[in-house]
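Reviewing the structure listed below.
Here is the naming used below: chain letters follow the sequence lines, and residue numbers restart at 1 for every chain. Keep in mind that the numbers below use all heavy atoms, side chains included, and drop hydrogens, waters and symmetry copies.
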Amino acid sequence: AQRVTQPEKLLSVFKGAPVELKCNYSYSGSPELFWYVQYSRQRLQLLLRHISRESIKGFTADLNKGETSFHLKKPFAQEEDSAMYYCALSGSGYQKVTFGTGTKLQVIP
Amino acid sequence: DGGITQSPKYLFRKEGQNVTLSCEQNLNHDAMYWYRQDPGQGLRLIYYSQIVNDFQKGDIAEGYSVSREKKESFPLTVTSAQKNPTAFYLCASSMKGSYGYTFGSGTRLTVV
């Protein structure tokens with residue numbers, strides 16, 4: 001069974017401080033990992049995918065197969081980063097996506 | 001303007017009644033999904049469909065039904081058999097490959 005664990009329900013950081021949102025997963029094959037973000041009063045949207053190895057809005061995430069982790073990082077937090085963040089996992093193609101329970105990031109001015 | 005539309009935004013249902021939530025997309029995506037979002041539980045998959053006239057149960061399909069008669073539409077019916085239907089329901093779609101989901105804005109269902 002596939003599982004995604006986000007251990008922190010709430011993460012509060014000061015503006016300008018580094019951010020790390022933790023995500024660990026359990027999957028028997030080769031996973032595809034994603035981070036989704038939901039800003040206040042907006043719909044859930046894709047932030048980044050591990051397969052593209054991209055940086056979006058200053059966020060990056062590296063897939064660590066040894067530690068089965070896909071932590072989301074940003075060197076300097078901005079107030080506009082305050083949102084709910086979900087880590088998600090799927091198999092290849094149209095495989096169903098399993099979401100974590102989410103972490104609320106609060107950036108303190 | 002391409003996107004995925006859920007309606008209505010808010011829905012109230014009396015106990016014992018079935019209710020249908022609408023989800024329409026004009027993104028030409030093959031796959032569509034229904035998730036339920038509850039506080040502290042993240043998103044849980046109800047049903048998904050990879051192709052017209054075919055769909056599969058997700059993790060919490062009991063008390064729900066779906067149909068996929070058109071590529072653009074994937075309505076979800078919450079039946080009276082669903083014991084705890086009050087929740088926020090999200091519809092999503094995707095194309096083949098690792099591109100992630102596009103989500104609708106959701107429907108909040110309240111049983112009164």
#### Entry: Close approach to chain B in residues 99-106 of chain A, criterion heavy atom under 4.5 Å
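The list, in residue order, reads A:Phe99, A:Gly100, A:Thr101.
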### Task
Could you check which of A:Leu46, A:Leu44, A:Val4 has the highest count of heavy-atom pairs closer than 4.5 Å to chain B?
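When all of A:Leu46, A:Leu44, A:Val4 are compared, A:Leu44 has the most.
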### Message
Counting only non-hydrogen atoms closer than 4.5 Å, does B:Gln37 touch chain A with its backbone (N, CA, C, O), its side chain (CB onward), both, or neither?
### Response
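Only the side chain of B:Gln37 comes within 4.5 Å of chain A.
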#### Entry: Region of B:Leu43 in contact with chain A, defined by heavy-atom distances below 4.5 Å
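Both backbone and side chain of B:Leu43 come within 4.5 Å of chain A.
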Residues [X] and [Y] bridged, charged N to O under 4.0 Å:
X	Y	result
A:Asp81	A:Lys57	no
B:Asp54	B:Arg68	no
B:Arg44	B:Asp38	yes

### Query
Stepwise, does the side chain to side chain contact (heavy atoms under 4.5 Å, CB included) test hold for B:Ile4 with B:Cys91?
CA-CA 8 Å; B:Ile4 183 166; B:Cys91 180; 3.8 Å; yes
Side chains of [Y] and [X]: any donor to acceptor distance under 3.5 Å?
X	Y	answer
B:Tyr35	B:Tyr101	yes
B:Tyr64	B:Tyr89	yes
A:Glu67	A:Tyr25	no

